[in-house]
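Note sheet for the following structure.
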Amino acid sequence: MITNKEIARIFDEIADILEVKEGDKFKIRAYRKAARTIESLTQDLSDFSSVTELKKLPSIGDALAKKIHEIITSGKLEYYEELRTSVPEGVLELLSIPNVGPKTVSKLYNECNVTDIESLELAAKNHRLQHLFGMGRKTEERILKGIEQYRRHKERIPLGKAYFQAKNIVKSLENLDAVERIAFAGSIRRMRETIGDIDILVASENPSRVMSAFKALDGITEIIASGDTKSSVIMDDTQVDLRVVRDDSFGSALQYFTGSQLHNIKLRELALKQGLKLNEYGVFKGDQPVAGKREEEVYEALGLPFIPPELREDQGEIEAAIEGELPDLIELNRIKGDLHIHSRWSDGKNSIEEVVDKARSLGYEYVAICDHSPAIGITRGVNEEKLLDEIIEIERINEDLSDFKVLTGIEVDIRSDNTLDLPDKILEKLDIVLAAVHTKFSQSKDAMTRRIISAIKNPHVDIIAHPTGRLIGKRDPYDLDIEAVLDAARDTRTILEINANPRRLDLKDIHARYAKEKGVKVAISTDAHDISQMELMPFGVATARRGWLEPEDVLNTRSLDELMRNLK
DNA sequence: GCCGTTTTCGGCCCGACTGTTTTCAGTCG
């Protein structure tokens with residue numbers, strides 16, 4: 001069965017081929033837009049029974065609906081098969097090289113017999129490119145640099161890493177006299193799970209001062225571009241873009257630089273319809289600015305409420321804003337406790353007392369200590385006997401606490417034979433039971449779905465932890481029928497975790513949104529193995545926000561009493 | 001190829017930076 005991801009890839013590849021063949025750019029955009037739509041669907045395209053159903057999807061019209069239908073019914077697409085014979089595969093890969101776009105690729109292929117990255121590198125090194133029309137020595141060098149950059153990092157950077165790097169850059173520039181305001185923008189501000197580069201925005205009357213301070217920062221290994229108001233550098237293997245505008249334009253520049261690109265395009269189209277123009281300098285009526293200083297004003301000038309950055313993915317947020325139906329998103333300060341923490345009783349680094357101190361410093365009212373069960377030897381899980389001791393210890397700790405409660409819990413392993421690693425008679429003694437898969441990730445979709453649903457159906461299991469098991473950039477999620485899992489969770493009032501660790505973010509944003517649609521509640525938990533990791537909660541909250549979740553959708557916004565009533 | 005409370009045909013976002021082609025095309029975000 002063909003997956004959505006594969007269909008999206010086919011459409012992207014068609015767009016690539018059309019681009020190299022210098023086809024109609026709007027048609028190319030249509031294929032790319034459709035690919036984005038398909039990628040963000042939670043439902044399998046192969047479950048769509050008719051062309052009419054497919055056409056209801058945004059950016060899918062008659063022609064593309066028929067093509068999708070052809071793919072899901074026959075397994076292939078005639079148009080694509082024919083198209084791909086016209087351009088070698090290696091040629092398309094050239095498009096991923098920075099500074100190399102479709103026009104260049106087309107020229108290289110047609111006039112210089114370049115068919116892949118290796119032959120391009122050779123041609124550039126032998127100076128066979130600089131004599132082509134429109135190319136010169138510097139272009140040749142730029143291409144070689146691009147190849148090097150492409151080989152160095154193809155992968156997007158995990159949010160967890162980029163976020164702190166961006167914060168550090170802001171910190172090292174914010175005290176300059178020339179800097180009036182500074183913020184990071186781009187996909188980090190939208191809190192996407194991975195990011196391509198770091199975008200920093202500064203308001204200043206003296207851009208050149210800011211630029212030179214920026215370019216002198218520690219860790220910069222290369223300056224890619226350097227203009228009056230915009231510079232790009234490579235810093236610690238990551239591209240960092242800095243843009244400077246006047247304070248009057250800071251709001252609109254922040255809006256522009258935050259993206260996403262699709263969100264911005266739709267917003268500018270909306271502006272045009274109202275006889276306005278939107279760019280990074282402001283909202284304009286004719287050449288008269290009507291907004292720009294603050295980001296809120298930009299949306300207001302277009303007749304919209306403020307749209308939080310996490311929603312700006314062109315996933316219906318602009319339509320919802322027009323209708324006045326934006327969600328009232330959950331915020332970090334609504335979180336009343338962390339429901340997935342490991343202590344020294346299994347593989348955690350800290351004592352339960354240390355966890356409590358940390359939780360109180362974060363303003364929480366409760367935590368749940370959920371150590372591992374024995375199945376996974378490496379984590380020194382707690383067996384029945386040890387767990388009973390741990391319960392006693394927690395009771396003792398609770399006696400000394402006022403206005404705070406430690407919940408007894410476990411992260412019980414769901415074994416590959418669908419049974420749990422500890423018997424019900426001990427699970428029932430606990431305040432809260434998390435269940436999770438830690439082994440045999442490669443089971444079939446059916447088997448894995450049955451495995452998780454069997455845990456969901458256990459009367460003591462309250463929460464499924466990291467439900468899809470992915471490690472971002474390292475391990476794919478296991479094959480799972482997410483819809484069936486959500487249905488089972490709803491029917492049994494089982495909660496699904498959003499694991500806040502930026503390596504996981506699991507459930508991910510679109511699954512969180514799907515959970516809400518299905519009426520399934522989530523818990524946002526850090527899975528901390530060290531009390532410092534309890535500070536990772538904002539990443540989980542951001543993922544929930546990207547999933548359009550509101551405080552009532554999240555279990556651990558509840559007071560302790562309410563929380564207990566919501567557990568099985 | 002999509003889409004429509006101005007449109008079923010004629011639109012489809014916007015500007016910075018670079019290099020090269022002495023006025024602009026290509027790439028990027």
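Computed over heavy atoms, backbone and side chain alike; hydrogens, waters and symmetry mates excluded. As the structure is a prediction and not an experimental result, all values here were calculated from the model. In the text below, chain A, chain B and the rest are named by the order of the sequence lines, each starting its count at 1.
Aromatic pair A:F184/A:F257: ring centres not closer than 6.0 Å.
No engagement by A:K55 is indicated, since no non-hydrogen atom pair under 4.0 Å with the nucleic acid exists. Nucleic acid contact for A:G134: base, since at least one base atom lies under 4.0 Å from a heavy atom of the residue. A:D24 comes within 4.0 angstrom of a base, heavy atoms only. A:L267 comes within contact range of no nucleotide atom at all, as no heavy-atom separation falls under 4.0 Å. Within the 4.0 angstrom heavy-atom criterion, base atoms lie near A:Y256. Within 4.0 Å (heavy atoms only), A:R137 reaches sugar-phosphate atoms of the nucleic acid but no base atom. Among the heavy atoms of the strands lying under 4.0 Å from A:I97 are primed sugar atoms or P, OP1, OP2 only; no base atom is included. In this structure, A:S226 reaches the sugar-phosphate backbone alone: every heavy-atom distance under 4.0 Å involves primed, P, OP1 or OP2 atoms, never a base. Residue contacts for A:N264: at a heavy-atom cut-off of 4.0 Å it reaches no nucleic acid atom on any strand shown.
Between A:L242 atom CG and B:dG29 atom P there is a gap of 15 Å when expressed in whole angstrom units. For the pair A:F284 CZ and B:dC14 P, the interatomic distance rounds to 12 Å; values are reported in whole Å. Between the CZ atom of A:R156 and the P atom of B:dG29 there is a distance of 10 Å, given to the nearest Å. Atom CD in A:Q261 sits about 10 Å away from atom C1' in B:dC14, given to the nearest Å. Atom pair A:F26:CZ and B:dC9:P shows a separation of 19 Å (rounding to whole Å applied). Rounded to an integer number of Å, the gap from CG of A:L278 to C1' of B:dG15 is 12 Å. Distance, A:E319 CD to B:dT5 C1': 15 Å, rounded to whole Å. In this structure, CD of A:Q274 is placed 13 Å from C1' of B:dT6, rounded to the nearest angstrom.
Separating the C1' atom of B:dT7 from that of B:dC12 is a span of 13 Å, rounded to the nearest Å. Straight-line distance between the C1' atoms of B:dG1 and B:dT6: roughly 23 Å, to the nearest whole Å. Rounded to a whole angstrom, the distance from the P atom of B:dC3 to that of B:dT8 is 16 Å. For B:dT21 and B:dT27, the P atoms lie 15 Å apart once the distance is rounded to whole Å. With P as the reference atom, B:dG15 and B:dG10 are 26 Å apart, rounded to whole Å. Only the P atoms considered, B:dG26 is 14 Å distant from B:dT20, to the nearest whole Å.
For A:K230, no side-chain nitrogen or oxygen approaches OP1 or OP2 of B:dA16 to under 4.0 Å. In terms of phosphate contacts, A:T139 brings a side-chain nitrogen or oxygen within less than 4.0 Å of OP1 or OP2 of B:dT20. Between A:T229 and the phosphate of B:dC17, there is a side-chain N or O to OP1/OP2 separation shorter than 4.0 Å. Checking the phosphate oxygens (OP1, OP2) of B:dT27, a side-chain nitrogen or oxygen of A:T104 falls inside 4.0 Å. Applying the 4.0 Å criterion to OP1 and OP2 of B:dG15, one finds that A:K277 has a side-chain N or O inside that range.
Between A:H263 and A:Y299, the ring-plane angle classifies as tilted under the 30° and 60° cut-offs.
If you check distances only, the side chain of A:Y281 never reaches the base of B:dG15 with a donor-acceptor pair under 3.5 Å.
With B:dT20, B:dT27, B:dG29 as the candidates, the nucleotide lying closest to the side chain of A:K103 is B:dT27. Nearest nucleotide to the side chain of A:D197, out of B:dG1, B:dT18, B:dG29: B:dG29. Each of B:dT18, B:dG1, B:dT27 was ranked by its minimum atom distance to the side chain of A:L64; first place goes to B:dG1.
Under the 4.0 Å criterion applied to side-chain N and carboxylate O atoms, A:K230 and A:D199 are not assigned as salt-bridge partners. A salt bridge does not link A:D506 to A:R470: none of the charged nitrogens lies less than 4.0 Å from a carboxylate oxygen. Under 4.0 Å is where a charged nitrogen must lie from a carboxylate oxygen, and between A:E121 and A:K125 at least one such pair does.
A:T468 and A:K508 share no side-chain donor-acceptor pair at under 3.5 Å. For the residue pair A:N206/A:S208, the side-chain donor-acceptor check at 3.5 Å is satisfied.
In a base pair of the Watson-Crick type (N1 to N3 plus N6-O4 or O6-N4) or a G-U wobble (N1-O2 and O6-N3), with each distance short of 3.5 Å, B:dC12 is matched with B:dG1.
Of the residues near DNA chain B, A:D241 and A:N279, the one whose nearest nucleotide (by heavy atom distance) lies more toward the 5' end is A:N279. Nearest-nucleotide positions on DNA chain B for A:S231 and A:F133 put A:S231 closer to the 5' end.
When all heavy atoms are compared, the tightest approach of A:L536 to A:T526 is C-CG2, 4.2 Å.
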